[in-house]
Every structure is written in C-alpha cells, then in structure tokens.
Amino acid sequence: MPQNLVWISRAFLVGMAVFGIFYTYTYLTRTWTFAFSGSENWQNLWFIDDEAVIPFAHRFVWFLLWKPAFIATLVMIFSSLRLVILLLRGTYFEPPVVRSLQWVGGSAAVAGFCGLAGSVFEPRILTTYGAEKVAPLRIVPDSGEIGILLTGLGLFLLARFLHVTVIMNRENKEIV
Amino acid sequence: MRPETMMKTARNGAFILTIPVAVELVYYTYSALSRSIAFCFTNPDRWNKHWRVDDGTIIELGPRIGYFAFWLFVILASVVAFVVGLYILDRCRRGFVFDVKTAQGLRILGGVLAFAMVIDQVFQSMNAYLITRFNEAGPEPIKWFYDPSDFKTFSLAIILYLFGWVMLKGIEVANENKGYV
C-alpha cells in the first residue's frame with residue numbers, strides 16, 4: 001500500500017474508533033435521558049401538555065425505536081475497522097475482505113433504512129399521549145439517511161462483484 | 001451458484017440500484033436548491049423573520065448571495081457524488097467492473113463524498129453565525145454542529161476510496177500477469 005494511503009488508513013482507524021465511542025456515548029445518553037431519567041424532557045416538548053403522563057411502556061417503545069439503526073451503525077463501524085486493518089496487513093482479494101465489505105455495506109444499508117423507518121413512526125409515538133392531535137405516519141425523506149442507505153447498498157453490491165472475482169480467481173488457479 | 005450466474009445477478013443489482021440513485025439525485029437537487037433559493041431570494045422573510053434573527057432586521061442582497069454560494073458548494077459536491085455514483089453503477093451494469101475507469105470513479109466518488117461531508121459539517125457549524133450576523137447584539141458564535149449522518153457517510157466514503165485503490169492494484173497485478181504469460 002502506498003505511504004499516503006497507509007496514513008489515510010491509520011487516521012481512519014483512529015478517527016473511527018473515537019467516533020464509535022463518542023457516538024455510543026452521546027446516543028445512549030441522549031435517548032436514555034429523553035425516555036427515562038428526565039421525564040420532564042418529553043413533557044417539555046412544545047406540543048405536549050405539561051400535565052400529561054406518559055406510561056413507562058410507551059417511553060420504552062420510543063427508546064427501542066432507534067435501537068436497530070444504532071446497532072447497525074455500530075456493526076458498520078466495527079466492520080469498517082476490520083476491513084481497513086485487513087487492507088493495512090496487505091490482504092486484498094481474499095474472502096475475509098469480501099465478508100468485511102459485505103458487512104460494511106449491509107449494515108450501512110440497514111442503518112439508513114432503520115433511520116428512515118424510525119422517522120416515520122416517531123411523530124406518532126411522541127404525540128400519542130398529551131398532544132392535541134396524534135400525528136399521522138408519514139415518510140420524512142432525510143437526505144442523510146437516504147445517502148447512507150444508497151451508499152451501503154452500493155458497497156454491498158461491490159462486495160458481491162469482488163466475491164465473484166475471488167471465486168473466479170480461485171477456479172483459474174485450480175485449473176492452472 | 002455458478003460465478004457467471006452470480007455476476008449476472010450482481011449486474012442486475014447494479015441496474016436496480018441505478019433507479020433509486022437517479023430518483024434521489026433529482027429529488028435532492030430540487031429540494032436542496034428550492035430550499036436555499038427560497039430562504040435567500042424568493043421568500044426573504046424566511047430569513048428576516050427567522051427565530052434567531054432580531055425583529056425588524058432586513059438582510060440585504062449581498063449577504064444573501066454569499067450565504068447561497070456557501071451552501072451551493074455542499075449541494076454541488078453532493079450532486080457530483082450522485083452523478084459519479086450513477087456512472088459507476090452504469091459501468092457495473094454493463095460488466096466493466098474490474099476496469100481502470102470504474103476504479104478511478106470509485107476513488108473520485110469517495111473523495112468527493114468525503115469532501116462534501118467535511119464542508120457540510122463546517123457550514124452547518126457556521127450556519128447560526130451567518131444567519132445572525134446582523135443582530136444588534138452581534139452574531140451567535142461558531143459552534144460545532146454534530147451530525148452523525150455526516151460521520152457515517154464520511155466513513156463509507158473513505159472505504160469507497162480505499163476500495164477504488166484496491167481495485168486499481170488488482171488490475172495492475174492482473175495486467176502484469178498477462179504480460180508475463
């Protein structure tokens with residue numbers, strides 16, 4: 001690997017590790033505080049009545065709503081780290097690289113999809129108790145999440161192409 | 001499954017993926033530009049009466065053009081990334097997967113996407129400052145705006161860039177082997 005790419009890869013490893021920790025911490029703190037530890041947070045929303053009582057089970061549903069996207073993002077981060085470590089070790093056209101790339105693409109696509117799905121249900125869950133009107137389910141076309149979904153699908157597809165190439169190379173070697 | 005069948009399936013996948021990418025390219029360009037144009041030019045009250053801006057403030061045309069040009073960078077970078085993505089998908093669909101142009105396209109896509117995410121972070125952090133520049137008490141400070149989507153996309157962009165390099169390396173080795181044979 002050329003020296004500049006080695007530096008990019010190393011910087012990526014450090015950056016992704018830091019982002020993984022920061023993302024986990026901020027995400028869990030924010031969702032936990034909003035759902036459980038500070039009940040006033042939910043009631044402080046401008047469209048929620050101050051006297052409203054939001055049951056624990058309902059708060060738990062909101063808490064779980066964003067978890068698939070969160071878990072998929074963590075998988076994406078770990079798979080990315082694994083993939084870059086493999087590349088740094090000089091492993092390129094081997095099954096572990098293909099698997100890692102599939103995991104990166106697949107988990108990114110799942111994260112993007114779950115992010116979009118979560119934003120469809122969130123307004124309804126937030127307005128079930130204490131709001132004047134329950135918000136309808138509606139698709140929020142968040143460009144960020146759509147971008148992650150499409151890029152993830154693209155990477156997954158590239159991994160499929162790489163997979164075929166690895167198989168063909170192996171067959172060619174066997175023939176030789 | 002035989003490799004030929006797998007390759008055909010993957011090529012069909014590239015064709016299918018082209019459709020949502022093309023739709024998102026049109027939708028994103030339209031929505032991002034119409035939002036920025038309305039905020040800066042056609043609906044000036046969106047800025048004048050923004051909740052961060054002092055009552056009665058009138059934003060002149062100059063700062064509006066500057067703000068629009070500012071965001072145009074991010075929009076254009078994202079549009080270029082979409083177009084390069086479509087180009088790569090089209091090449092994959094036609095069977096030019098392990099090809100120099102496809103590999104270079106991947107590197108460009110990764111680079112442009114990473115650049116777009118970095119400037120998006122920078123501009124989002126400066127957004128409140130730019131909007132409130134003409135407040136009597138002075139502008140709001142530049143504050144880091146944390147958007148995890150930008151970080152996720154940035155990481156995928158780096159993977160694309162590295163993968164482009166891996167492909168180029170593979171093509172180089174294959175060509176050397178051919179020459180040797």
Side-chain angles (χ1 to χ4, degrees), chain A residues 1-2 5 8-9 11-12 15-16 19-20 22-23 26-27 69-70 73 76-77 79-81 83-84 87-88 91-93 97 100-101 104-105 108 111-112 115 141-171, chain B residues 1-11 13-14 16-17 20-21 23-25 27-28 31-32 78 81-82 85 88-89 92 95 97-98 102 106 109-110 113-114 116-117 120 146-167 169-170 173-174 177:
Chain A
M1 196 183 252
L5 281 185
I8 290 176
S9 304
F12 177 81
M16 280 309 276
F19 171 61
F22 184 74
Y23 174 72
T26 51
Y27 185 88
F70 169 67
T73 302
M76 186 197 89
I77 292 169
S79 312
S80 307
L81 291 174
L83 178 66
V84 174
L87 295 181
L88 275 171
T91 315
Y92 303 130
F93 295 98
V97 173
S100 294
L101 196 60
V104 173
D142 180 347
S143 294
E145 299 294 349
I146 294 173
I148 292 167
L149 169 65
L150 294 175
T151 316
L153 287 174
L155 275 171
F156 188 80
L157 196 67
L158 282 172
R160 294 302 298 167
F161 282 117
L162 188 64
H163 181 55
V164 180
T165 314
V166 168
I167 290 173
M168 283 176 163
N169 276 349
R170 201 188 300 153
E171 283 181 359
Chain B
M1 198 189 282
R2 287 172 57 226
E4 291 77 16
T5 319
M6 287 169 75
M7 185 60 98
K8 202 178 168 193
T9 314
R11 283 172 64 175
I16 293 166
L17 191 56
V21 174
V23 171
E24 177 60 11
L25 167 64
Y27 173 77
Y28 171 78
S31 66
S78 303
F82 274 118
I88 293 166
L89 284 172
C92 290
V97 183
F98 282 87
T102 310
L106 279 174
L109 173 61
L113 209 52
M117 292 307 112
D120 188 52
Y146 169 61
D147 183 352
S149 294
D150 280 352
F151 282 87
K152 292 182 211 174
T153 313
F154 181 81
S155 70
L156 295 175
I158 298 294
I159 296 288
L160 278 168
Y161 186 84
L162 290 174
F163 189 74
W165 178 83
V166 169
M167 272 175 72
K169 181 83 183 163
V173 171
N177 288 349

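Basis for what follows: all heavy atoms, side chains included, without hydrogens, waters or symmetry-related copies. Residue numbers begin at 1 in each chain, while the letters A, B, ... track the order of the sequences.
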Inset, instruction - State, with a plain yes or no, whether a side-chain heavy atom of B:Tyr146 is found less than 4.5 Å away from one of A:Tyr23. - result: yes
Legend entry - Partner chain B: residue of A:Ile167, A:Leu157, A:Thr165, A:Ile77 with the largest heavy-atom pair count (under 4.5 Å): A:Leu157
Legend entry - Contact class of A:Ile8 relative to chain B, heavy atoms under 4.5 angstrom: side chain
Inset, instruction - Mind running side chain to side chain contact (heavy atoms under 4.5 Å, CB included) on B:Ser155 and A:Phe12 for me, showing each step along the way? - result: CA-CA 8 Å; B:Ser155 70; A:Phe12 177 81; 3.8 Å; yes
Legend entry - Contact summary for A:Phe93 and B:Val166, nearest pair of heavy atoms: CZ-O, 3.4 Å
Inset, instruction - Go through B:Met6, B:Lys152, B:Met7, B:Lys169 and name the one with the most non-hydrogen pairs under 4.5 angstrom from chain A. - result: B:Lys152
Inset, instruction - Would you mind telling me which of B:Ser31, B:Cys92, B:Ser78, B:Ala81 has the largest number of heavy-atom pairs within less than 4.5 Å of chain A? - result: B:Cys92
Inset, instruction - Side-chain contact test, heavy atoms from C-beta onward, threshold under 4.5 Å: evaluate it for A:Leu83 versus B:Phe163 and give yes or no. - result: no
Legend entry - Non-hydrogen side-chain atoms of A:Leu87 and B:Trp165 separated by less than 4.5 Å: no
Legend entry - OG1-CG distance between A:Thr151 and B:Leu109, expressed to the nearest 0.5 angstrom: 7.5 Å
Legend entry - Proximity breakdown for B:Leu89 and chain A, heavy-atom pairs closer than 4.5 Å: side chain
Legend entry - Heavy-atom pair count under 4.5 Å with chain A, highest-scoring of B:Leu106, B:Thr153, B:Leu17: B:Leu17
Legend entry - Residue pair A:Ile146 / B:Tyr28, side-chain heavy-atom distance below 4.5 Å: no
Inset, instruction - Determine the minimum heavy-atom distance between B:Pro20 and A:Leu150, stating which atoms define it. - result: CB-CD2, 3.9 Å
Legend entry - Test item: B:Leu160 and A:Leu158 side chains (from C-beta on) under 4.5 Å apart, heavy atoms: yes
Legend entry - Sub-4.5 Å side-chain heavy-atom contact between A:Val84 and B:Ile158: no
Legend entry - Within-4.5 Å side-chain heavy-atom neighbours: B:Tyr27 and A:Pro141: yes
Inset, instruction - Work out which heavy atom in B:Leu162 is nearest to a heavy atom in A:Ser9; give both atom names and the distance. - result: CD2-OG, 3.7 Å
Legend entry - Engaged part of B:Ile88 at the chain A interface, taking heavy atoms whose separation is under 4.5 Å: neither
Legend entry - pair A:Val164-B:Val97: side-chain heavy atoms closer than 4.5 Å: no
Inset, instruction - Can you tell which part of A:Ser143 gets under 4.5 Å to a heavy atom of chain B, answering side chain, backbone, both or neither? - result: both
Inset, instruction - Kindly say whether the aromatic ring centers of B:Phe151 and A:Phe22 come within a distance under 6.0 Å. - result: no
Legend entry - Shortest non-hydrogen contact between B:Ser149 and A:Gly144, atoms and distance: CB-CA, 4.3 Å
Inset, instruction - Name the member of A:Phe156, A:Tyr27, A:Tyr92 that forms the most heavy-atom pairs with chain B at distances under 4.5 Å. - result: A:Tyr92
